[in-house]
S.K.: 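Mind looking over this structure? Questions follow.
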2 protein chains.
Amino acid sequence: MAEADAINVDLEIIVHGVQGRSKPELRLWLRMLSTTKLISQEIRRRLRAEFGATLPQFDLMAQLYREKDGLRLGELSKRTMVTNGNVTGLVERLEADGYIQRLTPDADRRVTVAKLTDSGTIFFATMAAAHERWLQEMMADVDPRMISGLWSEIGAVKVSASNHLSGAAFE
Amino acid sequence: MAEADAINVDLEIIVHGVQGRSKPELRLWLRMLSTTKLISQEIRRRLRAEFGATLPQFDLMAQLYREKDGLRLGELSKRTMVTNGNVTGLVERLEADGYIQRLTPDADRRVTVAKLTDSGTIFFATMAAAHERWLQEMMADVDPRMISGLWSEIGAVKVSASNHLSGAAFE
DNA sequence: ACGATTCCTTTGACATTTCAAATATCAGCT
DNA sequence: AGCTGATATTTGAAATGTCAAAGGAATCGT
C-alpha cells in the first residue's frame, strides 16, 4: 500500500513547480529519472535478497565478465561510469569476497588489472541470468516494438546530452 | 586442470545465453541507465559548481517548494524516493544551512514537518530556473516531437515496472 | 483504563558516491 | 643520470544510499 503510493506519487511533481509551466525537456527528464530509480531500486532489492550482492558490484563484474583477460582499474572506471576512487573500494571488497583478483603487470607497475576468478565468473553468470529475467518481467507489459524504438530514441537523447557536457565527453 | 576446463566449457554455454543474444529489454535498460547516469552526473557537477548544492538536496527542496505548508518527513521520503533514514540526514543538513525549518505539530507529536524558509525558497527558485535551462540545453539536439513521445512511452515502461515489483503482490 | 498494535522518525552499521589531494610509476628531455 | 610532466591508483572527507532495529507517540480492542 505504502509502496504503491510511493510509485504513483513521484518526482514528477516538480514539473508544475517553478514557473507554473513545464517545459517538455524537464518533464521527460523527471520521468526518466523516476523510472530509472524505480527499476534500479527493485533490482537492488532483488540482488541483495537473492545473491547478497549490490548493483555497483554487479555492474563492475559485468564488465569483467566480457573481458576474460581483465581490465585496468581506470578502464573499469570509464566503463562503469564510476569514479576512480570508487572503483578502488569496490574492487577491494570483491577481492575480499574472492570474486575478483588483482594483479600488477611487470610492463607497467602503475597499473592494476582486475579480473574475475572462477568463483566470480560462476557467481556473475548466475546473477546475470536472473537479472535478465527480472528485466523482461518488469517490461512485460510494454509492446516489444516500443522497446526497440525506445532504445534508439534514448540513444538520441544520450548523444545530445554528450554533446552539451561542460567537461569531457565519452562513449 | 581438467576440472577448470570443465568449468570453462559450461560457462561458455552460459555466456551465450546471458550476453550473446542480449534481449531487447536488457539493452533498453542498460541504455536508460547510462543515459540517466550521464545526465545526472552533469547536473550534479553544475549544481555543485554554481550553487554548492547536491542533487538530492535539490530534489528535496523541489518537493517543499510545491507545498508551502511543508511536508512530513515520511511524505518527503515517498515523493523523493529516498529512504526514511536518508531523509533525516538530508533535512538536518538543509536545516543547518538555513534553507528549511523543522517543526512538530501539537496534533501529532510523532510527526516532523519540514518546510522551506524564505531564504530556502529564494535559493531553490534560482536553482530551479538554471536546472530547467540545463535540461533544455542538453536535449537541444533532440526533435521536440521525440521528446513528447518519449515521455509517454517511458510512462508505459514505468507502469509496467510498477506492476511487477516484488512488494506489490500483497494488497 | 490498559496492553497490544501501528505509525513516524531516528539511529546504527555499511556500502557507495563525488571531489580533491596525495602517491607511485613511467616516458621524455637535457 | 636527473628533472619534468603525464598517467594510474589510492586515500580522505563529506554526503548519500540501503536496511534493520530501536525509540516515542497515537490508536485500537477489550
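Values reported hereafter were calculated over all heavy atoms of this structure, with side chains retained and with hydrogens, waters and symmetry mates removed. Naming convention: chains lettered A, B, ... in sequence-line order (proteins, then strands); numbering from 1 in each chain.
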S.K.: Checking contacts here: which listed nucleotide (dG17(D), dA26(D), dT9(D)) is nearest the side-chain heavy atoms of Arg109(B)?
M.R.: dA26(D)
S.K.: If you look at every strand shown and take non-hydrogen atoms under 4.0 Å, does Thr54(A) touch a base, only sugar-phosphate, or nothing?
M.R.: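 Touches sugar-phosphate only.
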S.K.: Among dC19(D), dC7(C), dT16(C), which nucleotide has an atom closest to any side-chain atom of Arg110(B)?
M.R.: dC7(C)
S.K.: Need one value for Leu90(B): base, sugar-phosphate or nothing, where a base atom within 4.0 Å counts as base even if backbone is also close, heavy atoms only.
M.R.: sugar-phosphate
S.K.: Under 4.0 angstrom, heavy atoms only, what part of the nucleic acid is Thr112(A) near: base, sugar-phosphate, or nothing?
M.R.: sugar-phosphate
S.K.: How would you label the contact of Val87(A) with the nucleic acid (heavy atoms, under 4.0 Å): base, sugar-phosphate, or nothing?
M.R.: nothing
S.K.: Using the closest heavy atom to pick a nucleotide of DNA chain C for each, name whichever of Arg93(A) or Arg102(B) lands nearer the 5' end.
M.R.: Arg102(B)
S.K.: Within the 3.5 Å criterion, strictly below it, is a donor on Asn84(A) or Ser77(A) matched to an acceptor on the partner's side chain?
M.R.: yes
S.K.: Counting just side-chain N and O atoms, does Gln41(B) come under 4.0 Å of either OP1 or OP2 of dT17(C)?
M.R.: no
S.K.: Would you classify Asp108(A) as touching base, sugar-phosphate or nothing, given that sugar-phosphate means primed atoms plus P, OP1 and OP2, and contacts are heavy atoms under 4.0 Å?
M.R.: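 Result for Asp108(A) = sugar-phosphate.
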S.K.: Considering every strand and a 4.0 Å limit on heavy-atom distances, what is the contact class for Thr83(B): base, sugar-phosphate, or nothing?
M.R.: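 Since a base atom lies under 4.0 Å of Thr83(B), the category is base.
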S.K.: Could you give the CZ-to-P distance, from Arg45(B) to dA20(C), as a whole number of Å?
M.R.: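 These atoms are roughly 11 Å apart.
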S.K.: Side chain of Pro56(A) only, please: which of dT11(D), dC19(C), dT17(C) is the nearest?
M.R.: dT17(C)
S.K.: Same cluster or not: are Val82(B) and Met61(B) linked, directly or through other Ile, Leu, Val, Met, Phe, Trp or Tyr residues, by side-chain heavy atoms under 4.5 angstrom apart?
M.R.: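 In one cluster: yes.
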S.K.: Using a 4.0 Å heavy-atom cut-off across all strands, classify Arg72(B) as base, sugar-phosphate, or nothing.
M.R.: sugar-phosphate
S.K.: Is any side-chain N of the basic residue among Glu137(B) and Arg46(B) closer than 4.0 Å to the acidic one's carboxylate O?
M.R.: yes
S.K.: Would you mind telling me which residue lines up with the more 5' stretch of DNA chain D, Arg44(B) or Glu75(A), judged by nearest nucleotide?
M.R.: Glu75(A)
S.K.: From dT17(C), dT18(D), dC19(C), pick the nucleotide closest to the side chain of Arg48(B)?
M.R.: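 The closest nucleotide is dC19(C).
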S.K.: Verify whether one side chain among Glu42(A) and Ser166(B) offers a donor that lies under 3.5 Å from an acceptor in the other.
M.R.: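 The answer is yes; a qualifying pair exists.
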S.K.: Rounded to whole angstrom units, what separation is found between the CG atom of Leu47(A) and the P atom of dT18(D)?
M.R.: 14 Å
S.K.: Does the pair Arg79(A)/Glu67(A) count as a salt bridge with the N-to-O cut at 4.0 Å?
M.R.: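 Looking at Arg79(A) and Glu67(A), the cut-off is met.
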S.K.: In whole angstrom, what separates Leu33(B)'s CG from dT17(C)'s P?
M.R.: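 So the CG-P distance, Leu33(B) to dT17(C), works out to 11 Å.
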S.K.: For Phe58(B), which of Phe124(B), Trp134(B), Tyr99(B) qualifies under ring pair (Phe, Tyr, Trp, His ring centres under 6.0 Å)?
M.R.: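 Testing Phe58(B) for a ring pair (Phe, Tyr, Trp, His ring centres under 6.0 Å) against Phe124(B), Trp134(B), Tyr99(B) leaves exactly one candidate, Phe124(B).
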S.K.: In whole angstrom, give the distance that lies between atom CG of Leu94(A) and atom C1' of dT16(C).
M.R.: 12 Å
S.K.: Roughly, in whole Å, what's the span from CG in Asp97(A) to C1' in dA15(C)?
M.R.: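 It works out to 12 Å between those atoms.
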S.K.: Starting at NZ of Lys37(A) and ending at C1' of dT17(C), how long is that distance when rounded to a whole Å?
M.R.: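 It is 14 Å, rounded to the nearest whole Å.
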S.K.: Kindly point out which of dT17(C), dA15(D), dT9(D) is positioned nearest to the side chain of Asn84(A)?
M.R.: dT9(D)
S.K.: Regarding Gly85(B), tell me which of base, sugar-phosphate or nothing describes its non-hydrogen contacts under 4.0 Å with the strands shown.
M.R.: base
S.K.: Take atom CZ of Arg46(B) and atom C1' of dT18(C), then tell me their distance rounded to the nearest Å.
M.R.: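 The answer, rounded to whole Å, is 17 Å.
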S.K.: Given dT16(C), is OP1 or OP2 found less than 4.0 Å from the side-chain N or O atoms of Asn86(A)?
M.R.: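 For Asn86(A), the contact criterion (side-chain N or O under 4.0 Å from OP1 or OP2 of dT16(C)) is not met.
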S.K.: Starting from P on dG17(D), measure out to CD on Glu92(B) and report it in whole angstrom.
M.R.: 15 Å
